[in-house]
Number of protein chains: 2
Amino acid sequence: MDESEIFRALADPTRRAVLERLLTGERNATELREGMSVSQPAISQHIAVLRGAGLITEQRVGRHVRYAVNPEGLQPIVDWLTRYRAFWPARIERLKTHLKDMDQ
Amino acid sequence: MDESEIFRALADPTRRAVLERLLTGERNATELREGMSVSQPAISQHIAVLRGAGLITEQRVGRHVRYAVNPEGLQPIVDWLTRYRAFWPARIERLKTHLKDMDQ
DNA sequence: CAAACAAATAAGTCTATGCTTATCTGTTGG
DNA sequence: CCAACAGATAAGCATAGACTTATTTGTTTG
(Lines give C-alpha, C1' and ligand atoms only; values in the text may rest on other atoms or scores of the structure.)
Protein backbone atom coordinates (compact mmCIF):
# COMPACT_ATOMS: atom_id res chain seq x y z
CA MET A 1 0.00 0.00 0.00
CA ASP A 2 2.99 2.26 0.50
CA GLU A 3 3.69 3.49 -2.99
CA SER A 4 6.27 5.97 -1.78
CA GLU A 5 8.51 3.22 -0.49
CA ILE A 6 8.25 1.29 -3.75
CA PHE A 7 8.91 4.29 -5.96
CA ARG A 8 11.82 5.27 -3.74
CA ALA A 9 13.26 1.77 -3.98
CA LEU A 10 12.97 1.85 -7.77
CA ALA A 11 14.52 5.30 -8.04
CA ASP A 12 18.00 3.94 -7.55
CA PRO A 13 19.66 2.53 -10.70
CA THR A 14 21.70 -0.02 -8.76
CA ARG A 15 18.54 -1.42 -7.19
CA ARG A 16 16.80 -1.59 -10.56
CA ALA A 17 19.83 -3.44 -11.90
CA VAL A 18 19.53 -5.92 -9.04
CA LEU A 19 15.84 -6.44 -9.78
CA GLU A 20 16.47 -6.91 -13.47
CA ARG A 21 19.14 -9.45 -12.75
CA LEU A 22 16.59 -11.35 -10.69
CA LEU A 23 14.25 -11.38 -13.68
CA THR A 24 16.42 -14.08 -15.21
CA GLY A 25 16.31 -16.24 -12.09
CA GLU A 26 17.10 -16.42 -8.41
CA ARG A 27 20.49 -15.29 -7.19
CA ASN A 28 22.41 -14.94 -3.97
CA ALA A 29 23.96 -11.68 -2.83
CA THR A 30 27.41 -12.47 -4.19
CA GLU A 31 25.99 -13.28 -7.61
CA LEU A 32 23.90 -10.11 -7.58
CA ARG A 33 27.02 -8.13 -6.87
CA GLU A 34 29.00 -9.52 -9.83
CA GLY A 35 30.01 -6.87 -12.29
CA MET A 36 28.86 -4.05 -10.07
CA SER A 37 31.37 -1.62 -8.68
CA VAL A 38 29.98 -1.32 -5.20
CA SER A 39 31.05 -2.86 -1.93
CA GLN A 40 29.45 -5.93 -0.39
CA PRO A 41 27.70 -3.90 2.31
CA ALA A 42 26.29 -1.58 -0.34
CA ILE A 43 24.58 -4.47 -2.12
CA SER A 44 23.40 -5.82 1.19
CA GLN A 45 21.83 -2.46 2.01
CA HIS A 46 20.20 -2.20 -1.40
CA ILE A 47 18.77 -5.67 -0.94
CA ALA A 48 17.38 -4.61 2.41
CA VAL A 49 15.63 -1.65 0.78
CA LEU A 50 14.15 -3.84 -1.96
CA ARG A 51 12.96 -6.32 0.60
CA GLY A 52 11.52 -3.56 2.78
CA ALA A 53 9.54 -2.35 -0.22
CA GLY A 54 8.21 -5.85 -0.79
CA LEU A 55 9.88 -6.18 -4.18
CA ILE A 56 11.95 -9.25 -3.44
CA THR A 57 11.78 -12.31 -1.24
CA GLU A 58 14.62 -14.17 0.37
CA GLN A 59 15.20 -17.73 1.42
CA ARG A 60 18.17 -18.91 3.43
CA VAL A 61 19.88 -21.93 1.91
CA GLY A 62 22.87 -22.98 3.96
CA ARG A 63 25.17 -20.05 4.21
CA HIS A 64 23.72 -18.46 1.11
CA VAL A 65 20.52 -16.50 0.74
CA ARG A 66 18.57 -16.91 -2.46
CA TYR A 67 16.75 -13.77 -3.56
CA ALA A 68 13.86 -13.68 -5.99
CA VAL A 69 11.45 -11.14 -7.45
CA ASN A 70 8.26 -10.96 -5.42
CA PRO A 71 5.45 -11.23 -8.00
CA GLU A 72 3.09 -9.20 -5.85
CA GLY A 73 5.60 -6.46 -5.13
CA LEU A 74 4.97 -4.23 -8.10
CA GLN A 75 1.21 -4.44 -7.94
CA PRO A 76 0.65 -1.26 -5.94
CA ILE A 77 2.35 0.90 -8.53
CA VAL A 78 0.80 -0.98 -11.44
CA ASP A 79 -2.54 -0.18 -9.82
CA TRP A 80 -1.47 3.42 -9.33
CA LEU A 81 -0.49 3.68 -12.98
CA THR A 82 -3.76 2.28 -14.25
CA ARG A 83 -5.41 5.39 -12.88
CA TYR A 84 -3.57 7.23 -15.63
CA ARG A 85 -4.73 4.89 -18.38
CA ALA A 86 -6.76 7.66 -20.00
CA PHE A 87 -3.45 9.43 -20.60
CA TRP A 88 -1.76 6.55 -22.41
CA PRO A 89 -3.10 6.95 -25.93
CA ALA A 90 0.16 6.06 -27.64
CA ARG A 91 1.17 3.09 -25.53
CA ILE A 92 -2.12 1.36 -25.18
CA GLU A 93 -1.73 -0.68 -28.33
CA ARG A 94 1.67 -1.93 -27.30
CA LEU A 95 0.33 -2.93 -23.92
CA LYS A 96 -2.54 -4.79 -25.52
CA THR A 97 -0.07 -6.61 -27.73
CA HIS A 98 1.86 -7.67 -24.67
CA LEU A 99 -1.28 -9.03 -23.12
CA LYS A 100 -2.17 -10.95 -26.26
CA ASP A 101 1.28 -12.52 -26.21
CA MET A 102 0.61 -13.68 -22.70
CA ASP A 103 -2.60 -15.41 -23.75
CA GLN A 104 -0.70 -17.78 -25.97
CA MET B 1 14.71 7.61 -20.93
CA ASP B 2 15.74 8.55 -17.42
CA GLU B 3 13.64 6.24 -15.27
CA SER B 4 15.49 7.25 -12.12
CA GLU B 5 14.28 10.81 -12.40
CA ILE B 6 10.69 9.69 -12.95
CA PHE B 7 10.68 7.20 -10.09
CA ARG B 8 12.29 9.78 -7.82
CA ALA B 9 9.66 12.34 -8.77
CA LEU B 10 6.89 9.85 -8.00
CA ALA B 11 8.42 8.82 -4.68
CA ASP B 12 7.14 11.95 -2.95
CA PRO B 13 3.51 11.81 -1.79
CA THR B 14 2.97 15.54 -2.24
CA ARG B 15 4.05 15.29 -5.85
CA ARG B 16 1.80 12.31 -6.46
CA ALA B 17 -1.04 14.31 -4.94
CA VAL B 18 -0.30 17.14 -7.36
CA LEU B 19 -0.31 14.73 -10.30
CA GLU B 20 -3.57 13.16 -9.21
CA ARG B 21 -5.17 16.55 -8.88
CA LEU B 22 -4.14 17.23 -12.45
CA LEU B 23 -5.90 14.04 -13.54
CA THR B 24 -9.20 15.86 -13.14
CA GLY B 25 -8.10 18.79 -15.27
CA GLU B 26 -5.59 21.56 -15.70
CA ARG B 27 -4.76 23.74 -12.70
CA ASN B 28 -2.53 26.66 -11.82
CA ALA B 29 -0.07 26.55 -8.96
CA THR B 30 -2.40 28.23 -6.48
CA GLU B 31 -5.16 25.74 -7.22
CA LEU B 32 -2.74 22.85 -6.91
CA ARG B 33 -1.74 24.13 -3.51
CA GLU B 34 -5.29 24.29 -2.13
CA GLY B 35 -5.81 22.03 0.83
CA MET B 36 -2.14 21.17 1.12
CA SER B 37 -0.21 22.27 4.15
CA VAL B 38 2.96 23.35 2.42
CA SER B 39 4.27 26.77 1.50
CA GLN B 40 3.94 28.33 -1.94
CA PRO B 41 7.67 27.83 -2.72
CA ALA B 42 7.38 24.16 -1.74
CA ILE B 43 4.67 23.57 -4.35
CA SER B 44 6.66 25.56 -6.87
CA GLN B 45 9.67 23.34 -6.23
CA HIS B 46 7.61 20.17 -6.50
CA ILE B 47 6.21 21.39 -9.79
CA ALA B 48 9.73 22.02 -11.04
CA VAL B 49 10.67 18.42 -10.20
CA LEU B 50 7.60 17.03 -11.96
CA ARG B 51 8.31 19.15 -14.99
CA GLY B 52 11.98 18.14 -14.96
CA ALA B 53 10.88 14.50 -15.00
CA GLY B 54 8.63 15.18 -17.98
CA LEU B 55 5.48 14.34 -16.07
CA ILE B 56 3.70 17.65 -16.52
CA THR B 57 3.58 20.47 -19.02
CA GLU B 58 3.03 24.14 -18.36
CA GLN B 59 1.56 27.01 -20.30
CA ARG B 60 1.69 30.61 -19.21
CA VAL B 61 -1.68 32.33 -19.35
CA GLY B 62 -1.42 35.89 -18.19
CA ARG B 63 -0.02 35.90 -14.73
CA HIS B 64 -1.09 32.33 -14.14
CA VAL B 65 0.57 29.15 -15.33
CA ARG B 66 -1.68 26.26 -16.31
CA TYR B 67 -0.22 22.87 -15.54
CA ALA B 68 -1.35 19.60 -17.10
CA VAL B 69 -0.38 15.94 -17.06
CA ASN B 70 2.01 15.12 -19.87
CA PRO B 71 0.52 12.03 -21.52
CA GLU B 72 3.92 10.79 -22.64
CA GLY B 73 5.55 11.33 -19.27
CA LEU B 74 4.78 7.98 -17.69
CA GLN B 75 5.66 5.89 -20.71
CA PRO B 76 9.23 5.10 -19.71
CA ILE B 77 8.17 3.47 -16.48
CA VAL B 78 5.17 1.75 -18.08
CA ASP B 79 7.67 0.27 -20.52
CA TRP B 80 9.96 -0.67 -17.68
CA LEU B 81 7.12 -2.39 -15.87
CA THR B 82 6.06 -4.40 -18.88
CA ARG B 83 9.38 -6.22 -18.60
CA TYR B 84 7.95 -7.72 -15.42
CA ARG B 85 4.72 -8.86 -17.00
CA ALA B 86 5.67 -12.50 -16.51
CA PHE B 87 5.54 -11.79 -12.80
CA TRP B 88 2.01 -10.38 -12.77
CA PRO B 89 -0.09 -13.52 -12.61
CA ALA B 90 -2.66 -12.13 -10.23
CA ARG B 91 -3.11 -8.73 -11.79
CA ILE B 92 -3.24 -9.64 -15.40
CA GLU B 93 -6.97 -10.19 -15.46
CA ARG B 94 -7.66 -6.85 -13.87
CA LEU B 95 -5.43 -5.11 -16.34
CA LYS B 96 -7.20 -6.82 -19.22
CA THR B 97 -10.49 -5.63 -17.79
CA HIS B 98 -9.18 -2.10 -17.74
CA LEU B 99 -8.18 -2.35 -21.36
CA LYS B 100 -11.56 -3.71 -22.34
CA ASP B 101 -13.18 -0.75 -20.63
CA MET B 102 -11.08 1.52 -22.77
CA ASP B 103 -12.27 -0.15 -25.95
CA GLN B 104 -15.80 0.98 -25.30
C1' DC C 1 1.92 53.98 -12.72
C1' DA C 2 1.35 51.66 -8.25
C1' DA C 3 -0.56 48.00 -5.57
C1' DA C 4 -1.77 43.40 -5.74
C1' DC C 5 -1.04 39.02 -7.34
C1' DA C 6 1.12 34.49 -9.37
C1' DA C 7 4.97 32.03 -9.45
C1' DA C 8 10.04 31.36 -9.28
C1' DT C 9 14.43 31.82 -7.08
C1' DA C 10 17.75 32.43 -3.15
C1' DA C 11 19.56 30.94 0.95
C1' DG C 12 19.60 28.36 5.00
C1' DT C 13 18.34 24.25 7.82
C1' DC C 14 17.43 19.53 8.84
C1' DT C 15 16.84 14.86 7.53
C1' DA C 16 17.42 11.02 4.40
C1' DT C 17 20.21 8.45 1.42
C1' DG C 18 24.18 6.03 -0.53
C1' DC C 19 28.59 4.98 0.15
C1' DT C 20 32.72 3.49 2.57
C1' DT C 21 35.68 0.63 6.10
C1' DA C 22 35.47 -2.19 10.06
C1' DT C 23 33.23 -5.60 12.58
C1' DC C 24 29.87 -9.11 13.77
C1' DT C 25 26.85 -13.33 13.04
C1' DG C 26 26.00 -17.53 11.20
C1' DT C 27 27.31 -21.69 8.27
C1' DT C 28 30.12 -25.01 6.26
C1' DG C 29 33.98 -28.14 4.96
C1' DG C 30 38.60 -29.94 5.84
C1' DC D 1 36.82 -27.52 15.80
C1' DC D 2 38.46 -23.68 13.16
C1' DA D 3 39.47 -21.14 8.96
C1' DA D 4 37.06 -19.48 5.22
C1' DC D 5 33.04 -17.78 3.49
C1' DA D 6 28.17 -15.34 2.96
C1' DG D 7 25.85 -11.82 4.46
C1' DA D 8 24.25 -8.27 7.87
C1' DT D 9 25.16 -4.52 10.97
C1' DA D 10 27.71 -0.45 12.90
C1' DA D 11 29.54 3.93 12.40
C1' DG D 12 30.93 7.79 9.91
C1' DC D 13 30.87 10.85 5.93
C1' DA D 14 29.27 13.47 1.93
C1' DT D 15 25.60 14.62 -1.01
C1' DA D 16 20.79 15.10 -2.12
C1' DG D 17 16.19 16.27 -0.90
C1' DA D 18 12.23 18.68 1.33
C1' DC D 19 11.11 22.40 3.79
C1' DT D 20 11.12 27.14 5.51
C1' DT D 21 11.30 32.60 5.16
C1' DA D 22 12.69 36.35 2.38
C1' DT D 23 13.15 38.24 -2.00
C1' DT D 24 12.67 38.66 -7.05
C1' DT D 25 10.37 38.54 -11.58
C1' DG D 26 6.65 39.20 -14.34
C1' DT D 27 1.66 40.49 -15.14
C1' DT D 28 -2.55 42.68 -14.40
C1' DT D 29 -5.79 46.13 -13.07
C1' DG D 30 -7.71 50.20 -10.56
Side-chain angles (χ1 to χ4, degrees), chain A residues 2-22 24-70 73 77, chain B residues 2-22 24-70 73 77:
Chain A
D2 193 352
E3 292 129 356
S4 291
E5 200 173 358
I6 302 175
F7 280 126
R8 220 181 312 119
L10 296 177
D12 185 272
T14 303
R15 283 194 290 267
R16 286 203 309 283
V18 166
L19 265 188
E20 292 181 41
R21 192 160 294 192
L22 288 178
T24 62
E26 304 189 354
R27 301 286 158 86
N28 63 38
T30 303
E31 289 165 347
L32 285 174
R33 192 186 165 203
E34 274 166 18
M36 298 196 181
S37 52
V38 287
S39 62
Q40 176 266 315
I43 288 290
S44 187
Q45 288 157 11
H46 282 308
I47 286 171
V49 172
L50 288 169
R51 201 171 63 84
L55 294 173
I56 62 176
T57 59
E58 62 183 47
Q59 185 191 0
R60 181 126 218 159
V61 178
R63 64 179 157 184
H64 294 252
V65 179
R66 302 214 62 76
Y67 300 99
V69 174
N70 175 19
I77 66 169
Chain B
D2 192 354
E3 291 129 357
S4 291
E5 199 173 357
I6 302 176
F7 280 126
R8 220 180 313 119
L10 296 176
D12 185 272
T14 303
R15 283 196 288 268
R16 285 202 309 281
V18 166
L19 264 189
E20 291 182 41
R21 192 161 293 191
L22 289 178
T24 63
E26 304 189 355
R27 301 287 158 86
N28 62 39
T30 304
E31 289 165 347
L32 286 175
R33 191 186 165 202
E34 273 165 19
M36 298 195 180
S37 53
V38 286
S39 63
Q40 175 265 314
I43 288 291
S44 187
Q45 289 157 11
H46 281 308
I47 287 171
V49 172
L50 289 169
R51 200 170 65 82
L55 293 173
I56 61 176
T57 59
E58 63 183 46
Q59 183 190 4
R60 182 126 217 159
V61 177
R63 63 179 156 184
H64 294 252
V65 179
R66 300 214 65 76
Y67 300 99
V69 174
N70 175 21
I77 65 168

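Chain letters run A, B, ... following the sequence lines, proteins first, then strands; residues in each count from 1.
Summarising the geometry, atom CZ belonging to A:Arg66 is positioned 9.5 Å from atom CG belonging to A:Leu22; distances are rounded to the nearest 0.5 Å. Note that the CG atom of B:Leu10 and the CG atom of A:Leu10 stand 10.0 Å from one another [nearest 0.5 Å].
Taking every heavy atom of residues 36-49 of chain A and every atom of DNA chain D, pairs under 4.0 Å involve A:Gln40, A:Pro41, A:Ser44, A:Gln45, by number. Taken residue by residue, residues 50-68 of chain B places heavy atoms nearer than 4.0 Å to DNA chain C at B:Arg63, B:His64, B:Val65, B:Tyr67.
For B:Phe7, the ring-ring contact (aromatic ring centres under 6.0 Å, His included) partners two or more places apart in sequence, or in a different chain, are B:Trp80. Residues that satisfy the side chain to side chain contact (heavy atoms under 4.5 Å, CB included) test with A:Thr30, not counting sequence neighbours, are A:Asn28.
No side-chain donor-acceptor contact under 3.5 Å links B:Arg51 to the backbone of B:Tyr67. Distance alone, capped at 3.5 Å, is enough to place a donor-acceptor pair between the B:Arg33 side chain and the B:Val38 backbone.
Here B:Arg16 pairs with A:Glu3 in a salt bridge; the nearest charged N to carboxylate O distance falls below 4.0 Å.
Taking all atoms of both residues into account, the shortest heavy-atom contact from B:Arg60 to B:Arg63 is NH2-O, 3.7 Å. A pairwise comparison of heavy atoms in A:Ala17 and A:Met36 identifies CB-CE, 3.6 Å as the closest pair.
Here chain B contacts DNA chain D (any atom closer than 4.0 Å to a heavy atom, that is under 4.0 Å), and the contacts span D:dG17 to D:dT28 from 5' to 3'.
At the heavy-atom level, A:Arg33 lies nowhere under 4.0 Å from the strands shown.
An angle of 10°, rounded to 10°, separates the two end axes of the helix from C:dC1-D:dG30 to C:dG30-D:dC1, each defined over five pairs.
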